[in-house]
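Within every chain, numbering begins at 1; the chains are lettered A, B, ... in the order of the sequence lines, protein sequences first and strands thereafter.
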Amino acid sequence: MIDRYNFHEIEAKWQNHWESTNLYAQQEKDNLPRYYCLEMFPYPSGRLHMGHVRVYSIGDVIARSKRMQGYNVLHPMAWDAFGLPAENAAIQHGIHPHKWTWSNIDHMKQELKKLGFSYDWSREYATCDPTYYKWTQWLFLFLYKHGLAYRKRAAVNWCPSCATVLANEQVVAGLCERCDTAAEKADLEQWFFRITDYADRLLDELDKLEGWPEKVKAMQANWIGRSHGTEIIFGIEGFDDKLPVFTTRPDTVFGVTYMVIAPEHPLVGKLIAGQENEAEIRAFVKEILSQDEITRTSEETEKKGMFTGRYAVNPLNNEQIPILIGNYVVGGYGTGAVMGVPAHDHRDFAFAKEYGLLVKTVIVPEVVTEGAKTGEAYVDDGVLTGSGQFTGLTSQEAKEKITAHLKKSGQGGPKVNYRLRDWLISRQRYWGTPIPIVYCEKCGTVPVPEEDLPVLLPTDVEFRPTGRSPLVDCDEFVSTSCPKCGGPARRETDTMDTFIDSSWYFLRYTDPHNTESPFAKKKADAWMPVDQYIGGVEHAILHLLYSRFFQMVLADYGMVDADIPFESLLAQGMVLQDGAKMSKSKGNVVDPDRIVAQYGADTARLFILFASPPERDLEWSDEGVEGAYRFINRVWRLVVEYVDLIKDVPRDMPEELGPRERELRRIVHGSVKKITSDIFDRYSFNTAISAIMELVNGLYQYKDIPTGKQDLGVVREAIELLLLVLAPFTPHVAEELWHRLGHSESIHRQLWPAYDEAATKAEEITIVVQVNGKVRDRVVVPAGSETEAVKERVLAQPRVQEYVANKTIVKTVVVPGKLVNIVVK
RNA sequence: GCCCGCUUAGCUCAGUAGGUAGAGCACCAUCCUUGUAAGUUGGGGGUCGUUGGUUCGAAUCCGACAGCGGGCUCCA
């Protein structure tokens with residue numbers, strides 16, 4: 001009976017064994033150095049996809065290899081369980097979100113277990129569970145208490161398909177990031193978190209995040225969009241109102257020939273009132289406002305403007321300039337008004353041409369170049385002209401002086417502008433954390449007292465796609481009494497953005513069963529910040545920015561010491577099939593369950609880690625999976641065939657080894673050295689696996705020697721090292737073979753192997769011989785040969801003689817242990 | 001328009017102080033089984049995107065250019 005690789009049996013056996021022996025549960029007591037390895041938790045959508053398999057495989061290699069290095073590793077898993085799909089399932093299929101979510105969690109948990117990931121399941125939780133969202137509510141009140149949560153009426157993004165408002169971060173290029181529907185504007189009273197209070201720190205402290213990819217940091221910096229400039233307050237002819245603008249080019253202020261305000265600017269109504277073409281202007285404004293954001297801000301959309309009939313006054317030269325309403329001015333950025341300087345801004349130039357506005361040059365190049373372009377704006381810095389007392393200054397000097405002048409005269413001054421806006425957290429949906437606020441006729445807005453938490457989400461509600469939360473119609477939820485005066489009151493019916501749930505979930509893992517607080521400071525401090533965080537780059541702004549914000553706030557108010565959530569971040573690439581991201585709509589999805597059923601978890605994991613470096617995209621390949629499977633079989637046969645021979649062989653190395661044994665040890669120890677640095681220094685798992693494959697090839701070659709002439713001690717050492725370095729990648733087969741070799745303790749409790757540096761050194765070295773930089777020959781010399789001796793050997797070579805004959809040797813370059821280059825003329 | 005990444009064998013990708021271009025898959029041959037399936041050993045195959053430069057020597061460092069991919073963008 002052939003002993004074949006039966007992954008079904010092996011994987012089930014060890015998964016059960018690991019679980020029953022609590023192999024991966026954290027021991028809080030021990031005094032080993034701690035390591036917190038975390039992958040982004042999944043939304044329980046129903047089934048795992050390859051992206052999940054990839055991120056969790058990467059995390060598991062890190063967790064397992066760190067454990068082998070002697071760390072006390074925290075490697076938890078939980079569920080990001082609030083969200084729209086659950087509610088949509090309720091509307092479409094009549095399944096309650098609670099039931100839908102929990103049945104998905106059950107299924108996906110089984111899938112994760114079948115993949116053999118080393119999670120400490122004792123720390124599992126779901127964000128939709130009251131024992132979790134109680135603390136999400138507590139944290140909302142914490143922010144409220146510190147003035148960081150507030151309610152205001154504002155023009156907000158509305159997704160008609162999701163039937164809820166969205167934060168700015170959740171609108172990508174004008175589209176809802178979840179469903180790609182064009183976002184609309186709505187004027188609503190909503191709850192916000194004051195993330196803009198932290199704008200400077202969120203930007204400046206990006207530098208602290210040394211273990212983060214530059215790309216992610218650049219995206220966050222871009223999003224925060226800090227811009228240093230000047231505020232200039234223009235007057236309005238015939239009105240007391242002022243018209244402030246923000247500009248980064250105060251040096252061009254003498255070139256302002258018009259003003260443009262956004263159609264949603266608060267002064268629009270006042271300015272156009274009583275104009276003879278008021279109706280026409282109103283129609284124009286209405287038309288622009290009816291457009292969705294993408295159309296309006298598209299590069300192709302024509303810039304349109306209309307004169308209001310009013311004039312602004314330039315505070316520096318008292319010139320009167322027309323005020324226009326323009327479609328290209330965004331109401332929400334800066335002051336919603338811009339000064340038009342057609343001579344020195346491309347957009348203004350095009351606009352001025354179109355509407356016959358004046359072009360007034362106030363900056364000239366410092367060095368006048370011949371054939372300077374006419375007919376377009378000069379946008380670079382230069383020297384001021386026609387700018388009153390500032391004429392003759394360079395742009396740089398003028399920016400400072402003009403800003404200072406404005407400040408002194410109370411007409412403006414330095415100003416910092418941000419693109420980042422406060423985080424809108426209200427959602428008009430059911431399946432989320434209720435906002436713990438009560439509205440009382442007498443007392444106004446009243447936070448729910450801590451002892452009354454959690455505000456439970458009612459289960460008995462009706463799901464209809466009405467565009468408002470089912471909670472609105474749930475009278476027993478809405479009607480309550482005021483915690484302050486006891487009088488009749490209404491509950492807030494909006495729920496929180498689910499990104500709040502995930503902005504602190506990494507803290508909950510450190511103390512998941514706490515019933516007194518979200519987490520004990522002592523426990524959080526023992527683990528935070530997360531040493532290695534792993535997830536998709538699609539969260540570069542949203543989740544990663546919000547989490548940084550939360551952590552800063554919590555650190556500021558003494559909840560935790562660490563002020564950054566994640567020390568290092570690994571942004572893993574996508575899983576592609578035929579060059580495109582796997583998606584149901586494209587029909588190019590590979591089902592992980594099928595792969596695991598057909599080849600086993602070890603093969604699935606090995607392939608996915610071998611096919612690409614973690615941070616790069618991965619092209620799915622059925623042949624590649626087949627190859628990984630064959631490799632595991634190759635390891636299996638190798639070890640199984642040796643087991644009886646080497647099981648009882650002593651481990652100590654004999655003093656004298658033959659040349660083939662020394663060669664095998666060189667391969668083995670050299671491989672372990674490379675694998676060690678690939679895993680721990682570079683997270684280069686694909687090359688580590690490649691080195692393991694070469695190691696196996698080396699073992700097979702040694703196996704060709706007749707058994708009687710093999711040194712089984714060397715073989716035993718080689719095979720044990722092979723299994724140890726394989727353990728983080730293919731944990732089941734490594735464990736099985738480890739035990740077959742006679743070990744009784746888990747391979748996942750072993751220490752990472754040290755390698756014998758001396759054994760990695762070759763005794764004979766092939767020296768490459770170059771003549772004028774071209775490879776002409778190679779010679780074999782003993783390791784550590786003297787430079788002069790090598791030189792002599794090389795020059796004595798017949799091939800070298802041929803090339804050197806009749807020529808002068810100009811120079812001989814010797815790289816010890818590697819090559820000799822003879823330069824001839 | 002700006003920023004980032006990539007370009008190496010038929011395919012997917014390594015190449016870590018500039019010094020012999022490499023793994024896996026695929027392909028061909030070999031042997032073993034020759035009842036499939038699997039397995040063993042060996043082999044072919046690359047002007048390292050193009051082009052200048054630095055160097056004794058460049059896939060590697062520097063400068064242009066091209067192609068592909070990603071991110072940001074009427075942000076005043």
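One atom, CZ of A:Arg249, and another, P of B:rA76, lie 11 Å apart when rounded to the nearest Å. The separation between A:Met574 atom CE and B:rU12 atom C1' is 16 Å, rounded to whole Å. Distance, A:Lys217 NZ to B:rG71 C1': 17 Å, rounded to whole Å. Distance A:Phe349 CZ to B:rC74 C1': 17 Å, rounded to the nearest Å. As rounded to whole Å, 11 Å separates atom P of B:rU20 from atom CD1 of A:Ile767. Atoms CZ (A:Phe607) and C1' (B:rC13) sit 11 Å apart, rounded to a whole Å. Atom CG of A:Asn697 and atom C1' of B:rA23 are 9 Å apart (whole Å). For the pair A:Glu615 CD and B:rC13 C1', the interatomic distance rounds to 13 Å; values are reported in whole Å.
B:rA14 and B:rU30: their C1' atoms are spaced 29 Å apart (whole Å). Comparing the same atom, P, in B:rG22 and in B:rG43 gives a spacing of 12 Å after rounding to whole Å. Taking atom P in both B:rC3 and B:rA59, one finds a spacing of 28 Å when rounded to whole Å. With both ends at atom C1', the span from B:rG45 to B:rC4 equals 34 Å, rounded to whole Å. The same atom, P, is picked in B:rA64 and in B:rC48; the two are 22 Å apart, to the nearest Å. Taking atom C1' in both B:rG44 and B:rC25, the straight-line distance is 16 Å, to the nearest Å. Look at the P atom in both B:rC11 and B:rU50: the space between them is 15 Å, to the nearest Å. Separation of the P atoms belonging to B:rC27 and B:rU16 is 31 Å when rounded to the nearest angstrom.
Annotated as anti: B:rA23, whose O4'-C1'-N torsion sits more than 90° from 0.
Under the salt bridge (Lys or Arg N to Asp or Glu O under 4.0 Å) criterion, A:Arg54 pairs with no residue, sequence neighbours left out. Considering only residues two or more places apart in sequence or on other chains, A:Asp381 meets the salt bridge (Lys or Arg N to Asp or Glu O under 4.0 Å) condition with A:Arg249, A:Lys399. Listed by chain and number, the residues in a salt bridge (Lys or Arg N to Asp or Glu O under 4.0 Å) with A:Arg347 are A:Asp345 (sequence neighbours excluded).
Among the heavy atoms of the strands lying under 4.0 Å from A:Val823 are primed sugar atoms or P, OP1, OP2 only; no base atom is included. Among the heavy atoms of the strands, none lies under 4.0 Å from A:Ser612. Within 4.0 Å (heavy atoms only), A:Asp622 reaches no atom of the nucleic acid at all. If you check every strand for non-hydrogen atoms under 4.0 Å, A:Ala611 touches sugar and phosphate atoms only. Within 4.0 Å of A:Val245, counting heavy atoms only, lies no atom of the nucleic acid at all.
With values rounded to the nearest 0.5 angstrom, A:Phe234 atom CZ is found 4.5 Å from A:Asn314 atom CG.
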Listing time: all N or O pairs from protein to nucleotides 25-35 of chain B that are below 3.5 Å?
from, atom 1, to, atom 2, distance (Å)
B:rA26, OP1, A:Arg630, NH2, 3.2
B:rA26, OP2, A:Arg630, NH2, 3.0

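Partner of A:Gln220 under the side chain to side chain contact (heavy atoms under 4.5 Å, CB included) criterion, chosen from A:Leu544, A:Leu420, A:Leu209: A:Leu544. For the side chain to side chain contact (heavy atoms under 4.5 Å, CB included) test with A:Leu726, the passing option among A:Ile675, A:Leu695, A:Ile692, A:Ile689 is A:Ile692; the others fail.
Contact between the side-chain N/O atoms of A:Tyr700 and the OP1/OP2 oxygens of B:rU41 is not found at any separation under 4.0 Å. The side chain of A:Arg4 places no N or O atom within less than 4.0 Å of a non-bridging phosphate oxygen (OP1 or OP2) of B:rA37. Contact check, A:Arg347 against B:rG1: no side-chain N or O comes under 4.0 Å of OP1 or OP2. Taking 4.0 angstrom as the limit, A:Asn222 places none of its side-chain polar atoms (N or O) nearer than this to OP1 or OP2 of B:rC2. The side chain of A:Gln701 places an N or O atom within less than 4.0 Å of a non-bridging phosphate oxygen (OP1 or OP2) of B:rG42. Using a 4.0 Å cut-off, no side-chain N or O of A:Arg419 falls inside it from OP1 or OP2 of B:rC72. Dashed line: the shortest gap from a side-chain N or O of A:Arg637 to OP1 or OP2 of B:rA38 is not under 4.0 Å.
Between A:Phe7 and A:Thr603 the shortest side-chain heavy-atom distance does not fall below 4.5 Å.
Here the side chain of A:Val329 is nearest to one of B:rA76, B:rG24, B:rG19, namely B:rA76. For A:Arg616, the side-chain atoms get nearest to B:rC6 when compared with the rest of B:rC75, B:rG19, B:rC6. For A:Tyr328, the listed nucleotide lying nearest its side chain is B:rC74; candidates were B:rC74, B:rG71, B:rA23. Relative to the side chain of A:Ser677, the nucleotides B:rA14, B:rA23, B:rU16 differ in distance, and B:rU16 lies closest. Listed candidates were B:rG39, B:rC56, B:rG15. Nearest to the side chain of A:Arg682 is B:rG15. The listed nucleotides are B:rA14, B:rU20, B:rA23; the one nearest the side chain of A:Asn686 is B:rA14.
Using a 4.0 Å cut-off between a side-chain N of Lys or Arg and a carboxylate O of Asp or Glu, A:Arg666 and A:Glu663 qualify as a salt bridge.
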Dot-bracket for RNA chain B, 5' to 3', with Watson-Crick and G-U pairs under 3.5 Å, [ ] for crossing pairs and | for other-strand pairs: what is it?
(((((((..((((.....[..)))).(((.(.......).))).....(((((..]....))))))))))))....
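Residue whose closest nucleotide on RNA chain B sits further toward the 5' end, between A:Asp704 and A:Lys811: A:Asp704. Summary of the strand contacts: A:Glu694 and A:Gln770 both lie near RNA chain B, and taking for each the nucleotide with the nearest heavy atom, the more 5' one is attributed to A:Gln770.
Taking the ring centroids of A:Phe351 and A:Tyr328, they lie under the 6.0 Å cut-off.
Note on ring orientation: taking the six-membered ring where Trp is involved, the planes of A:Phe729 and A:Phe685 are perpendicular (angle over 60°, cut-offs 30° and 60°). By the 30° and 60° cut-offs, the orientation of the rings of A:Tyr629 relative to A:Tyr599 is perpendicular.
Pairs engaging residues 808-817 of chain A under the side-chain hydrogen bond (donor to acceptor under 3.5 Å, both in side chains) rule: none recorded [sequence neighbours left out].
Within a 6.0 Å radius of CD in A:Glu9, no more than 12 heavy atoms belonging to other residues, nucleotides or ligands are found.
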